[in-house]
Asks: 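Here it is, the structure, as structure tokens.
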Amino acid sequence: MKNYMFDVAIIGAGVSGCAVARELSKYKLNIAVLEKNEDVCTGTSKANSGIVHAGFDAEPDSLMAKLNVKGNEMMDKFSKDLDFDFQRIGSLVVCNSQDNTEILYQLKEQGEKNGVKGLRILNREELFSLEPNLADDSHLALFAPSGGIVCPFSFNIALAENAFENGVQFFFDSPVDAVSKDENGYVIKSKDKIFSAKCVVNAAGVYADVIHNMVSDEKIEIIPRKGEYMLLDKSENGYVNHTVFTLPNNFGKGVLVSPTAHGNILVGPTANDIDDKEYTDTTSDGLQEVREKANAMMKNLPLNKVITSFAGLRAHEKRHDFRIEEVKDAPFFFDCAAIESPGLSSALAIGEYLCNMICEKLNPEKKDNFISKRKGILNPFTLSKEEFSALVKEKPEYGKVVCRCESITEGQIIDAIKRPLGARTIDGIKRRTRAGMGRCQSGFCLPRTLEILAQETGMDITEITKCGENSEFLQE
Amino acid sequence: MDKEFDIVIIGGGPAGLAAAVSAYDEGEKNIVIIERSEQLGGILNQCIHNGFGLHTFKEELTGPEYAARFEDEVKKRNIECLLNTMVLDISSDKIVTAINKDDGMFSIKAKTVVLCMGCRERPRGALNIPGARPAGVYSAGTAQKLINISGMKIGKEIVILGSGDIGLIMARRLTLEGAKVKAVVELMPYSGGLKRNIVQCLDDYSIPLLLSHTITKINGKHRIKSVIVSEVDENRRPIKGTETEYKCDTLLLSVGLLPENELSKKAGVNINNVTGGPVVTQDFETNIEGVFACGNVLHVHDLVDFVSEEASDAGKNAALYVKNSDKKKGKTVIVKAENGVRYVVPNTIDTNFEEDIKLRFRVDNIYKNVYIKVTMGDKELIKRKKMIVAPGEMETLVLKKEMLSDSDNIDNIIVSLER
């Protein structure tokens, strides 16, 4: 058994956990992030719509409403400071039949109460001038100019890398087996490690109920709510320019059709409550539902250009609000639970909100050497011809494209491996660089990416995995 | 470092090599081949099985041997080759922008460009197979590269979806490597591969070919554990109740090849929706003057021999274009595919031609005892009886100048089947 002592232990390296870690890293605190999987951004944070919602969906005065609007506002500065992909493209909630218009006006009113700026109702003509490919019976829409899209991977990874640079320690492959109270705070058992921490943050996504229930008599239940998606080829870029939603229903915001931060088109999600917290399989019924709903919203949707489909699990709780609070019967234990949509949109505000709560309890001193900015992986194709050639002269690895579909060079892949909290798996490289995320879905680049990862880490090529233990590609 | 060449050939696979040799032999020697990988030969390098070259060299060669024959010809002629060089862009005025480790980013001004980028495999995502997304799912070509080039073992228990030629070849290859290939699953009621590959790669090793079946689910969170195979009805929809689980640690996909025309599209080349390749004249010229296309980037071929043959013609025409770019045009007729014929290359014919024109096409189903026909208005130009035609095999007909002698009032030539 190995023993570790920390001021704060954060359970979960998803976007919420990493946002809290990054905020807390401004203070003189010893912080650990414990992650059950092999990398950051492997659960709910990796498989979602990548949408930064404007904030009109949530009930006024809910934590969701407050943190969504706040989190949305924070994205411009943070995306620049931490160098991740974010674009404020605006969103539309589109009505397809006369009956629904009342709900649209209610949404607008609700949004205004929540503090969403610039909401406007668009008539048919205005609507079609923005989105000519909407279904012909679309006739009214709520336009939210502050809606945006973010690359969920680079967002999560940026927060984690910056937290790491500011001293936060990350422990991967470290599932929490038990949490118990002692006189100094909490003791967390994880395989062969024991962590003692004054303060614990439970940001365990769909497992947040399990962790919460280890320390509290007031039991909670997190229901995995599965969402299935289809992703279309970049060749269809321009088919849709805003995030287009249908009217919300009891299961959330309905299906959306949206550009992604990288120029693909995303269609989905479904919303089905399931029991299994690991069951991220897509289903033929789910994909069919996505197809039918999206086809009802749009015309000539190029579903023959699907390059992949995937599913993610939202961490849903019946009362449907974020549960971000100190647990009543467990002082110094903070839930960051039930972070379902708009969790990604709210992440920065969640980080700040929780950080403030924790600071009130721990009264830490601010660091004077906090590093507030982080540089992402350089995309050499954003350089001018001369700058590119100068870069290649210095670092020839940028002159060799490995992933043809996404134009990712050896230089970017090596950077992804070598940088702080660098990639150790093929999925890790994919999420950091986009190598393998294009239309051929790693058919061409996988053999070379395997070689580079082996070469840069000193691992044997047969040890290299897709996403951690038991996902090896090659055999001896 | 910016350069000028008369003929810029994009891609150093079989099409690019043959195009370069014939362009050179036509007298245009200022040629460059741009190849993104570290060696010439393209996908032939990983095709270590034999069966190549029966038409071209009248002998059976392996892929690397076949490639070497053409590489030798290229070397003999001292044709310049830029290896490890990736073309990023071709502009409509034929400025080619590329990168490599030595020169960074540079431009080449070309008088003519020959597109020889080949094709790529259709990935799993395009099929929307439901289930998990584990390691161990490879396209057949990726598996071929890992085994034949990297010398790795990919798995022990294999299921293959799709009976395209690469899948069939890999069924045999994996069996020879000691793996157990449990089944080749084909959605259609017939194989998309060559008959000889069915016999030599499946039948000879007793590997079952499940026609009218598909994979309806992939299981295994980390590494693939099994697939669910279902029978499909005549509309290719899975039939409930026919699900069978096949345990496996590897799934290969051989479900079609797609011409790789991202560069062509950026340049403004018109693409044929059926082939996925450029629309071309009988000279293999695209809608952009001086930009030619041949090989698998134009339409997916069954045999490399036919790629070489087609590319030789295209290379020669590119050289003729450089010599005399304002050559006289006659009347243009459109070549149409109808009634059982999926597509025909070329798409247009200029009636002012001298040498025979090869019409290359594929049918859309298996047909027995049919006539393949070429008609122009009421006139039957060619009619040939075939015992069997199949989608997996490319057909060729030769059009002679005299056949089009009275084409003045005609706009179309139609290639079709008559049952």
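All figures in this text were calculated on a predicted structure; none of them were measured in a lab. Order of the sequence lines fixes the chain letters, A, B, ..., with proteins taken first and strands second; residue numbering starts at 1 for each chain.
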Asks: Asn470(A), Asp233(A), Leu450(A), Asp285(A): which one forms the most heavy-atom pairs within less than 4.5 Å of chain B?
Replies: Asn470(A)
Asks: So, Glu386(A) and Ser389(A): side-chain donor and acceptor under 3.5 Å apart, yes or no?
Replies: no
Asks: Could you grab the distance from atom CG of Leu232(A) to atom OH of Tyr239(A), nearest 0.5 Å is fine?
Replies: 9.0 Å
Asks: Supply the atom-to-atom distance Cys403(A) SG to Ile408(A) CD1, rounded to the nearest 0.5 angstrom.
Replies: 5.5 Å
Asks: At a 4.5 Å cut-off on heavy atoms, which part of Lys156(B) comes close to chain A: side chain, backbone, both, or neither?
Replies: both
Asks: With a 4.5 angstrom heavy-atom cut-off, could you sort out which part of Ile461(A) is near chain B: side chain, backbone, both or neither?
Replies: side chain
Asks: Identify, with sequence neighbours excluded, every residue that meets side-chain hydrogen bond (donor to acceptor under 3.5 Å, both in side chains) alongside Thr282(A).
Replies: none
Asks: Which pair of non-hydrogen atoms, one from Pro14(B) and one from Gly41(B), has the smallest distance, and what is that distance?
Replies: CD-O, 3.6 Å
Asks: Where does Phe381(A) contact chain B at under 4.5 Å (heavy atoms): side chain, backbone, both or neither?
Replies: side chain
Asks: When you measure from the side chain of Lys36(A) to the backbone of Ala204(A), do you find a donor-acceptor pair of N or O atoms at a distance under 3.5 Å?
Replies: no
Asks: Using non-hydrogen atoms only, which part of Glu451(A) is less than 4.5 Å away from chain B: side chain, backbone, both, or neither?
Replies: side chain
Asks: To the nearest 0.5 angstrom, please state how far the CG atom of Leu82(B) sits from the CD1 atom of Ile10(B).
Replies: 10.0 Å
Asks: Taking atom NZ as the centre, does Lys180(B) end up with more than 12 heavy-atom neighbours from other residues, nucleotides or ligands that are less than 6.0 angstrom away?
Replies: no
Asks: Can you check whether anything in residues 429-439 of chain A gets within less than 4.5 Å of chain B, heavy-atom wise, and list it by number?
Replies: Arg439(A)
Asks: Given Lys191(A) and Asp173(A), is the salt bridge (Lys or Arg N to Asp or Glu O under 4.0 Å) satisfied, shown in steps?
Replies: CA-CA 9 Å; Lys191(A) 292 201 231 168; Asp173(A) 300 308; 5.4 Å; no
Asks: Only pairs of heavy atoms separated by less than 4.5 Å count here; which of Asn219(B), Leu88(B), Thr216(B) has the most with chain A?
Replies: Leu88(B)
Asks: For Leu287(A), which atoms come within 4.5 Å of any heavy atom of chain B: side chain, backbone, both, or neither?
Replies: side chain
Asks: Below 4.5 Å from any heavy atom of chain B, which atoms of Glu410(A) appear? Answer side chain, backbone, both or neither.
Replies: side chain
Asks: Is Leu258(B) in contact with chain A via its backbone, its side chain, both, or neither, using a 4.5 Å heavy-atom distance?
Replies: neither
Asks: Measure from the side-chain N and O atoms of Ser45(A) to the backbone N and O of Gly14(A), and report whether any donor-acceptor pair falls under 3.5 Å.
Replies: no
Asks: Strictly below 4.0 Å, N to O, side chains only: are Lys418(A) and Glu456(A) in salt-bridge contact?
Replies: yes
Asks: Report the option among Ala311(A), Cys467(A), Gly468(A), Cys405(A) that has the most heavy-atom pairs separated by less than 4.5 Å from atoms of chain B.
Replies: Ala311(A)
Asks: Which one of Glu121(B), Glu262(B), Arg36(B) has the most heavy-atom pairs closer than 4.5 Å to chain A?
Replies: Arg36(B)
Asks: So which atom in Arg223(B) and which in Glu472(A) form the shortest heavy-atom distance, rounded to 0.1 Å?
Replies: NH1-O, 2.8 Å
Asks: For Thr409(A), is there any backbone N or O sitting under 3.5 Å from a side-chain donor or acceptor partner on Gln412(A)?
Replies: yes
Asks: Can you check side-chain hydrogen bond (donor to acceptor under 3.5 Å, both in side chains) on Asp427(A) and Thr425(A), steps first, answer last?
Replies: CA-CA 5 Å; Asp427(A) 278 358; Thr425(A) 62; 6.0 Å; no
Asks: Quick one: closest heavy-atom pair of Phe473(A) and Ile426(A), and the distance?
Replies: CE1-CG1, 3.4 Å
Asks: What pair of heavy atoms forms the shortest contact from Gly155(B) to Ala179(B), and how long is it?
Replies: O-CB, 3.6 Å
Asks: Among residues 237-257 of chain B, which residues come closer than 4.5 Å to chain A, judged by heavy atom distances?
Replies: Asp249(B)
Asks: Checking heavy atoms, do the side chain of Thr283(A), its backbone, both or neither come under 4.5 Å from chain B?
Replies: backbone
Asks: Using non-hydrogen atoms only, which part of Lys385(A) is less than 4.5 Å away from chain B: side chain, backbone, both, or neither?
Replies: both
Asks: Heavy atoms only, distances under 4.5 angstrom: which of Ser442(A), Ala390(A), Pro380(A), Gly443(A) has the most pairs with chain B? Name it, please.
Replies: Gly443(A)
Asks: Which of the residues Gly399(A), Ser407(A), Pro447(A) is involved in the greatest number of heavy-atom pairs with chain B at under 4.5 angstrom?
Replies: Gly399(A)
Asks: Please tell me whether Glu35(B) and Ser37(B) have a donor and an acceptor in their side chains that are separated by less than 3.5 angstrom.
Replies: yes
Asks: What closest approach, in Å, do Asn261(B) and Gly276(B) show between heavy atoms, and which atom pair accounts for it?
Replies: ND2-O, 2.8 Å
Asks: Salt bridge check: are Asp276(A) and Lys221(B) linked by an N-O gap of less than 4.0 Å?
Replies: no
Asks: Test side chain to side chain contact (heavy atoms under 4.5 Å, CB included) on Thr260(A) and Leu231(A) and set out the steps.
Replies: CA-CA 9 Å; Thr260(A) 68; Leu231(A) 188 71; 3.9 Å; yes
Asks: Looking only at non-hydrogen atoms, find the nearest pair between Tyr229(A) and Ser49(A) and report the distance.
Replies: OH-OG, 2.7 Å
Asks: Counting heavy-atom pairs under 4.5 Å with chain B, which one of Lys305(A), Glu228(A), Gln475(A), Glu469(A) comes out on top?
Replies: Gln475(A)
Asks: Anything in residues 128-154 of chain B with a heavy-atom distance to chain A below 4.5 Å? Please list those residues in order.
Replies: Asn128(B), Ile129(B), Pro130(B), Gly131(B), Ala132(B), Arg133(B), Pro134(B), Ala135(B), Tyr138(B), Ser139(B), Thr142(B), Lys145(B), Leu146(B), Ser150(B), Met152(B), Lys153(B), Ile154(B)
